[in-house]
Amino acid sequence: MRTIRVLIVDDQPLIRTGLHATFSGVPDIAVVGEAANGVEAVQAVKRLSPDVVLMDINMPRMDGLTATREIIGSRSPAKVVILTIYDQDEHLFDALRNGASGFILKHAPTERVIDAVREAAEGDALLSPSVTRRLIDEFAKRPTLSSTTGGSLQQLTDRERDVFRLLVRGYSNDEIARELVLGDSTVKSHVQHLYQKLGVRDRVQVVIYAYENGLVPSSAR
């Protein structure tokens with residue numbers, strides 16, 4: 001069984017202690033380190049090579065947004081999950097643009113936090129349907145960077161294009177399976193191939209890729 005390596009980043013010791021306790025006794029998750037600010041987080045990622053980083057936003061020395069950008073920019077395979085108090089956090093979209101794979105509420109139930117780490121490690125974006133819609137609406141208000149079809153999209157098979165279209169509309173794997181009448185494992189395989197061909201990390205990055213390259217179907221706007 002694979003063990004998911006987690007780095008906890010928060011300037012509040014009680015939050016770090018609580019999260020550490022959350023994962024104690026979970027056989028497939030191991031906390032490999034903690035950091036109290038963004039500078040420590042960037043250094044810890046290089047030193048410890050975690051699979052998932054739970055990242056607070058407001059911290060001294062370096063905030064979580066900057067730390068996320070540096071971690072993703074270093075081409076670390078670590079997935080960054082933003083820790084937030086409210087899902088209306090004004091910094092959420094900036095965090096997603098900087099490469100975060102989603103967010104988890106600090107007061108979320110223990111089971112949800114554990115599931116979130118597993119989902120992030122598998123490459124799934126941690127966004128509720130309401131936040132996915134907000135993300136799409138946010139990008140729909142902005143002009144795209146290109147009005148031409150991106151070259152990477154040409155590499156997709158017809159079925160992968162179908163999956164792409166549904167991902168951009170915020171569908172989960174289960175919903176895609178039902179819509180396209182496919183097995184769960186087949187959908188997961190298509191999604192992973194799509195990520196590789198488009199050079200993205202997760203569903204969030206698929207949506208950003210689509211809008212910035214003018215690839216969003218009109219039905220998704």
Quick one: CD on Gln154 to CG on Leu156, what's the gap to the nearest 0.5 Å?
8.5 Å

For side chain to side chain contact (heavy atoms under 4.5 Å, CB included), just list the numbers for Val191 and Val163, CA-CA rounded to whole Å, side-chain angles, deciding distance to a tenth of an Å, and then say yes or no.
CA-CA 7 Å; Val191 169; Val163 172; 3.8 Å; yes

Does Thr157 have any side-chain contact (heavy atoms from CB on, under 4.5 Å) partners at least two apart in sequence or in another chain, and if so, which?
Arg159, Glu160, Lys197

What one should report as the nearest heavy-atom pair of Lys79 and Ala121 is NZ-O, 4.5 Å

Between the main-chain N or O of Ser185 and the side-chain N or O of Ser189, is there a donor-acceptor pair closer than 3.5 Å?
no

Close side-chain approach of Thr84 to Leu105, heavy-atom, < 4.5 Å
yes

Atom CG of Leu194 and atom OH of Tyr209: how far apart are they, to the nearest 0.5 Å?
9.0 Å

Show your working on side chain to side chain contact (heavy atoms under 4.5 Å, CB included) between Tyr195 and Val206 and close with a plain yes or no.
CA-CA 8 Å; Tyr195 289 170; Val206 169; 3.8 Å; yes

Sequence neighbours excluded, the answer for side chain to side chain donor-acceptor pair (under 3.5 Å) partners of Asn98 is none

Under 3.5 Å donor-acceptor pairs involving side-chain atoms of residues 38-49, not counting sequence neighbours:
unit_1, atom_1, unit_2, atom_2, d
Glu40, OE1, Ala36, N, 2.8

Which atom pairs, donor and acceptor, lie under 3.5 Å between side-chain atoms of residues 6-33 and protein residues at least two apart or in another chain?
unit_1, atom_1, unit_2, atom_2, d
Asp10, OD1, Gln12, N, 2.8
Asp10, OD2, Lys106, NZ, 3.0
Arg16, NE, Glu34, OE1, 3.2
Arg16, NH1, Asp10, O, 2.6
Thr17, OG1, Pro13, O, 2.9
Thr22, OG1, Gly18, O, 3.0
Ser24, OG, Ala21, O, 2.7
Asp28, OD1, Arg118, NH2, 2.9
Asp28, OD2, Arg118, NE, 2.9

Give, for atom CD1 of Ile104 and atom CD of Glu119, the distance between the pair rounded to the nearest 0.5 Å.
8.0 Å

Between NE2 of His193 and NE2 of His190, what distance do you get to the nearest 0.5 Å?
8.5 Å

Between Thr186 and Leu180, is any pair of side-chain heavy atoms under 4.5 Å apart?
no

Quick one: list whatever passes salt bridge (charged side-chain N to carboxylate O under 4.0 Å, His left out) with Asp51, sequence neighbours left out.
Arg2

Please give me the minimum heavy-atom distance between Ala78 and Ile72, naming the atom from each residue.
O-CD1, 4.1 Å

Reported CG-to-CD distance for the pair Leu198 and Gln155, which is rounded to 0.5 angstrom
8.0 Å

Closest contact, heavy atoms only, Ile82 versus Ala95
CG1-CB, 3.7 Å

Going by the salt bridge (Lys or Arg N to Asp or Glu O under 4.0 Å) test, which pairs reach into residues 171-195, not counting sequence neighbours?
Glu122-Lys188

